[in-house]
Protein chains: 2
Amino acid sequence: MSRAPKTHLIRDTNDRAALDLMLSNGPITKTRLGELVGLSKVTAGQLLTRLGDRGLVEVVGAQQGGRGPNAALYGVVPSAGYVAALHIGPDQITASVADITGTELATGELDPHEASDPVEAVRATVAHATRSAGITMEQLRCLSIGTPGMIDPRTGDIRFANDLPDWRAGVLEDLRRSFQRPILIENDVNLAGLAEQSAGASHGVKDSVLAWIDRGLGLAVIVDGRLHRGAGGGAGEIGYLAVPGASTPHGTDSPQHAAFQSLVSVEAMDTLARAFGLSGSGVDCVRAAVEGDADAEPFLEELARRLALGLAGICVVLDPELCVLAGEVGRAGGEVLAARVQKAIASLGPNVPTVVPTAISGDPVLRGALQMGLDTARDEVFAHQG
Amino acid sequence: MSRAPKTHLIRDTNDRAALDLMLSNGPITKTRLGELVGLSKVTAGQLLTRLGDRGLVEVVGAQQGGRGPNAALYGVVPSAGYVAALHIGPDQITASVADITGTELATGELDPHEASDPVEAVRATVAHATRSAGITMEQLRCLSIGTPGMIDPRTGDIRFANDLPDWRAGVLEDLRRSFQRPILIENDVNLAGLAEQSAGASHGVKDSVLAWIDRGLGLAVIVDGRLHRGAGGGAGEIGYLAVPGASTPHGTDSPQHAAFQSLVSVEAMDTLARAFGLSGSGVDCVRAAVEGDADAEPFLEELARRLALGLAGICVVLDPELCVLAGEVGRAGGEVLAARVQKAIASLGPNVPTVVPTAISGDPVLRGALQMGLDTARDEVFAHQG
DNA sequence: CCCCTACTGTAAGGTTCCTTTACAGATACC
DNA sequence: GGTATCTGTAAAGGAACCTTACAGTAGGGG
């Protein structure tokens with residue numbers, strides 16, 4: 001504990017709590033704010049005056065009904081700051097711009113092959129999205145970026161991203177130099193986990209995991225309500241997980257040290273579908289089975305069994321309360337697949353989480369990036385000229 | 001945030017911080033305490049007067065050397081409270097009594113077969129230990145108990161303990177009724193992890209795991225400096241972990257879904273030692289190999305490989321900074337085994353923790369129980385008549 | 001229609017808790 | 001022996017919150 005920052009510590013804490021309340025619950029009256037933050041009406045008024053002077057809150061209306069005068073409703077000023085979030089994929093870059101309240105103002109896309117390097121690609125995408133949103137790049141408080149690959153939790157820089165050869169260590173530094181503002185990079189699966197936690201299936205759950213089943217395979221680990229990245233940012237790289245039971249009934253995969261990646265993933269699903277004599281891609285067959293196609297039924301059962309093989313190990317280590325199935329396969333499988341996976345996990349070990357499909361519509365990675373960006377943008381806005 | 005407890009919130013926080021400082025760093029002067037807690041000399045003096053009036057601190061000496069007058073040294077009064085910690089094993093119950101400063105006053109043992117039920121066994125052991133310590137049972141602020149088995153993190157009660165048929169759900173309630181004071185029950189392996197973190201190999205490490213390799217097999221998971229128990233208290237029950245690679249070169253175990261428990265444990269080691277043509281128990285062979293016995297060399301290598309098979313999966317999920325090998329096998333293996341395990345993990349996946357042997361002397365479970373008990377006893381002492 | 005009740009919002013004064021300043025006294029170093 | 005440096009207490013001050021008090025406004029009952 002240092003001495004200096006204590007003078008305003010309580011006041012800052014209360015001011016910040018008030019801002020967070022207004023951001024999450026919307027406009028609020030002076031009296032109610034006081035009750036929720038734990039301050040008297042008078043002090044709450046002083047607090048709002050302070051925040052108003054700083055341009056962070058304003059009166060946005062008046063409460064109708066009730067006895068006395070119509071109480072003024074205070075809300076956060078949307079133009080207090082903006083955030084850009086990006087989802088970097090091998091074939092597409094998507095972006096979203098939102099104001100400090102979380103209202104999405106514009107989205108944008110870019111084919112990464114159009115740009116020469118990561119910085120160019122990000123600049124072009126962000127420039128387009130901010131123009132659509134009617135703001136300038138200077139008004140952005142921070143940039144939040146989701147990529148595949150591993151991020152070093154100490155530096156925040158990329159360690160390596162297999163599918164994106166241009167995105168390597170040093171990108172963070174380049175982006176910071178180019179944009180001159182906070183840049184956040186996070187693993188895409190972790191961001192999907194964050195999105196699910198803030199507004200999806202795992203909202204309010206302390207210990208959960210999100211299994212991302214798509215072209216790549218990944219796991220977001222949330223412990224005690226916080227994302228767990230691991231010492232080197234490698235937590236959740238379950239593509240490498242060695243699972244037993246390679247000898248599947250309709251054996252199609254390599255024998256001994258089968259990596260989880262080779263058992264489940266969009267590619268492995270395609271192969272498996274053919275082995276079951278089904279036409280169409282693996283994801284199509286999942287959809288067919290979910291919609292009641294009897295021919296695709298055994299395929300779905302085998303998929304659930306394979307998923308459970310890997311997830312059972314995870315549950316034995318972490319014993320999460322909830323396991324969210326996400327990614328293209330998780331979304332396609334829905335409740336049906338989730339229920340089967342849960343049953344299969346129950347047959348493999350003592351710890352059985354509730355298994356559910358993703359509850360995020362749209363791109364969960366972009367959503368998670370936006371959430372992460374908003375968190376730090378709010379810190380920025382609040383801290384500057386405090 | 002509620003209104004009521006805010007009046008003394010800052011004062012309580014500072015008082016508590018001061019107490020914790022004195023408990024961890026020993027006696028301290030008024031001025032130094034102020035600097036460390038972040039208070040002025042004057043306020044630190046008032047704080048110490050308050051704690052002195054409550055009988056929690058006293059002047060324990062004077063600092064020699066230095067310029068001015070010899071500053072008084074303030075320290076925590078040992079008799080402010082006592083704790084009893086117990087380690088419940090199938091064949092032995094051990095206990096330890098300490099004062100609030102953590103000084104161990106007495107230990108005790110009991111053969112559990114001498115007592116009819118858990119409450120009787122605990123009462124007898126604690127009665128004996130407190131007598132040896134020269135205190136009464138009434139002076140104990142809390143009881144801290146380590147057992148095998150799973151503890152429900154919501155209730156704190158035992159869910160089941162395989163090796164201890166009498167220790168089942170309801171024991172917590174019985175003990176609370178009998179002792180009329182806080183009772184803490186925790187899984188033995190988790191307590192070993194806690195001990196390692198507070199005074200052992202993983203001290204100061206944020207993300208670590210402790211692998212307990214003994215008759216049973218277990219894992220203590222520490223994430224962000226805090227023990228992770230899991231939704232149902234089942235985190236770390238890696239005996240059930242399914243590991244591939246059952247086809248060992250000198251194959252002695254079942255083929256397909258080999259549980260980690262069947263690969264490594266004192267019993268499996270014994271079998272493996274025989275398969276390698278060695279005489280003596282598995283643990284003896286580990287010791288022999290560590291001390292340079294060339295015949296036991298391949299046995300140790302195979303043991304390291306087996307351990308790495310399970311630990312690699314854990315590292316892929318958690319990416320811990322450090323992995324501590326504990327239990328009889330971990331202790332016997334020492335640095336030699338740890339280095340080999342680390343090398344083997346490196347060959348199996350991308351996340352490689354530093355692997356080290358336990359650094360706790362004596363019974364780590366009892367030590368961890370004591371630590372946990374001290375934490376709540378200090379809360380108790382501080383909160384009561386606050 | 002009028003009055004009462006219930007609420008908003010501000011002003012004034014009070015409490016808690018920490019801080020700075022000031023000073024008397026003690027101890028080591030030169 | 002003088003000085004610099006430290007301890008410990010006293011006095012005054014400031015920060016941040018609180019309660020009380022009151023003027024003013026909206027709805028409901030008689």
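Lettering of chains follows the sequences in order, A, B, ..., and the numbering in each one begins at 1.
- Rounded to an integer number of Å, the gap from CD of A:Gln46 to C1' of D:dC17 is 8 Å.
- Rounded to whole angstrom, the span from the NZ atom of A:Lys41 across to the P atom of D:dC17 amounts to 17 Å.
- Among the nucleotides C:dC18, D:dC17, D:dT7, the one closest to the side chain of B:Ile10 is C:dC18.
- D:dC17 atom C1' lies 15 Å from atom CG of A:Leu33, rounded to whole Å.
- The separation between B:Asp12 atom CG and C:dC18 atom P is 10 Å, rounded to whole Å.
- Residues B:Thr31 and B:Thr29 have side chains that never bring a donor and an acceptor to within less than 3.5 angstrom of each other.
- Counting any heavy atom pair closer than 4.0 Å across all strands shown, B:Thr29 reaches no nucleic acid atom.
- B:Ser202 and B:Gln197 share no side-chain donor-acceptor pair at under 3.5 Å.
- Salt bridge annotation for B:Asp20-B:Arg16: present, with a cationic side-chain nitrogen under 4.0 angstrom from a carboxylate oxygen.
- Neither OP1 nor OP2 of D:dC17 sits under 4.0 Å from any side-chain N or O of A:Thr43.
- The interatomic distance linking B:Asn70 (CG) with C:dA28 (P) rounds to 6 Å, in whole Å.
- Side-chain atoms of A:Arg11 lie closest to D:dA16 of the nucleotides D:dA16, D:dG27, C:dC17.
- Using a 4.0 Å cut-off between charged nitrogen and carboxylate oxygen, B:Arg181 and B:Glu138 do not count as a salt-bridge pair.
- When distances are taken from the side chain of B:Val42 to each of C:dT21, D:dC18, C:dT8, the shortest belongs to C:dT21.
- Nearest to the side-chain atoms of A:Ala72 among the listed nucleotides C:dC17, C:dG9, D:dT20 stands C:dG9.
- Distances shorter than 4.0 Å separate some side-chain N or O of A:Thr31 from OP1 or OP2 on C:dT8.
- The interatomic distance linking B:Leu39 (CG) with C:dC18 (C1') rounds to 8 Å, in whole Å.
- Heavy-atom distances to DNA chain D give each of B:Arg32 and A:Gln64 a nearest nucleotide, and the one nearer the 5′ end belongs to B:Arg32.
- In this structure, B:Leu47 places its CG atom 16 Å from C1' of D:dG8, rounding to the nearest Å.
- Annotation: cation-pi pair A:Arg32/A:Tyr74 absent, no NZ/CZ under 6.0 Å from the ring centroid and within 45° of its normal.
- If you take CZ of B:Arg67 and C1' of D:dG2, they are 12 Å apart, rounded to a whole angstrom.
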